[in-house]
Amino acid sequence: MIDYSNPKLVVETSKIEPGKIAWRSPSNIALIKYWGKHGRQLPSNPSISFTLNHAFTETTLEYSPKMGADEGIDLDFLFHKEENPAFREKIVKFLESIQDIFPFLRQLHLKIRSANSFPHSAGIASSASSMSALALCLCSLEAELFGTLESDEEFHKKVSYIARLGSGSACRSIYTHLGLWGKSSIAENSSDEYAVEYSDVNDIYKSFQDSILIVSGKEKSVSSRAGHALMDNNVFSKPRFEQARSRLSRIADHLRTGDLEAFGTIVEDEALTLHALMMASSPSYLLMEPNSLEIINAVRRFRKENNLPVYFTLDAGPNIHLLYPGYIREKVLRFMEDELLPFCEESKWIDDHVGIGPVELELE
Ligand code: DP6
């Protein structure tokens, strides 16, 4: 197990100049799903995801030496330029929980400003982009204050580890094209404690589009956190974790060879399994909506009739992610316009694609 706790990471406050760091970090869409965890945010099975591009969070972290002697986290927080006490509380708790890793946080006055590229009402899970953006800012701050984390590998490993503590899926968001989280035979450097970049991939996947069809932007009735917890007593959990492992090693072959049909079959099976696990939880619950099913059926019909590689997946919510290679974009967009957008809330969708990962933002 990695132990990042380090009491030496403290500053001499009189020598600290105020400063600012900012990162943009994307969301991601899992192909093999993380669903069930144990210990301190460790996954019950490995997962792999496409990093997205347009669905992102931008976070700015401003710091200055703290004046008072108070030992707690001193944080001002703005979300889309406004105070948000609920989010602030969540971040303070998170920062408190990692004080052994970053003891200097107690010595600084912090101001965090965060904004998403997608509307809050889009029903897009923002924890992956927001927690990865925050983890990037924190590790950059460590690097700036102490000259640590010099190699890219060291930096990414720690960022991913910290992001994971904030939200499991966030640890996969920081890599180009695909992130793999959880010990697996498909990559020797894989770990349950942080994600790694997965690059043994055919070029066709690098052009993949993700058209996110917003069936409903309503707040989920059961949070992901609660959903993971329900896996502890789900009678299917043990075979599920084994199934995820075996699907991951099979999808790794299809990612390498570019066998889109075999890839798509696994991706769709995973999405439906995720929702089946929710339905088989105790208490049971449903996050798909009637319009999610309309879209799924229409996608399968369109694929069969046109022999085109377009597949669906879902997160823990009713929205449908359409995954397909860039070269069929025009045809898929026409199909969406005609047959799928009528099932979306106010015809809403987000035009995303596989991306290169986070970028540090220039500050004036
Ligand atoms: C269905 O990462 O949101 O999107 O670790 O409790 O923050 P926490 O959960 P979260 O779970 C994501 C679940 C998923 C599948 C996935 O992204 O792998």
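Note that the coordinates shown come from a computational prediction; the quantities given were computed from them, not determined experimentally. First listed ligand is number 1; within each ligand, the first listed atom is number 1.
- In this structure, Arg250 does not pair ionically with Asp259, as no charged nitrogen and carboxylate oxygen lie closer than 4.0 Å.
- Residue contacts with ligand 1, taken as heavy atom pairs separated by less than 4.0 Å, involve Ala30 solely via side-chain atoms from C-beta onward.
- Of the N or O atoms in Ser47, none lie within a sub-3.5 Å distance of an N or O in ligand 1.
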#### Entry: Intermediate values then yes/no, salt bridge (Lys or Arg N to Asp or Glu O under 4.0 Å), Glu193 and Lys157
CA-CA 9 Å; Glu193 295 185 87; Lys157 189 164 157 176; over 6 Å; no
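- When only interatomic distances are considered, the shortest N/O to N/O separation between Ser167 and ligand 1 falls below 3.5 Å.
- A salt bridge between Arg240 and Glu270 is present, with a side-chain N of the basic residue lying under 4.0 Å from a carboxylate O of the acidic one.
- Residue-level proximity to ligand 1 for Leu274 is carried by the side chain, the only part with a heavy atom below 4.0 angstrom.
- Within the set Ser126, Ser169, Ala170, the minimum heavy-atom distance to atom 2 (O) of ligand 1 is found for Ser169.
- In this structure, Met131 does not count as a contact residue of ligand 1, since none of its heavy atoms falls inside 4.0 Å of the ligand.
- Aromatic ring centres of Phe208 and Phe263 lie closer together than 6.0 Å.
- Note: no N/O pair closer than 3.5 Å links Asn28 and ligand 1 by distance alone.
- Cluster membership check: Ile48 shares its hydrophobic cluster with Leu314, using side-chain heavy-atom separations under 4.5 Å among Ile, Leu, Val, Met, Phe, Trp and Tyr.
- Proximity of Arg172 to ligand 1 is established by a heavy-atom distance of less than 4.0 Å.
- Every N/O-N/O distance between Lys33 and ligand 1 stays at or above 3.5 Å.
- Closest of all the heavy-atom pairs between Asp352 and Ala55 is OD2-N, 2.9 Å.
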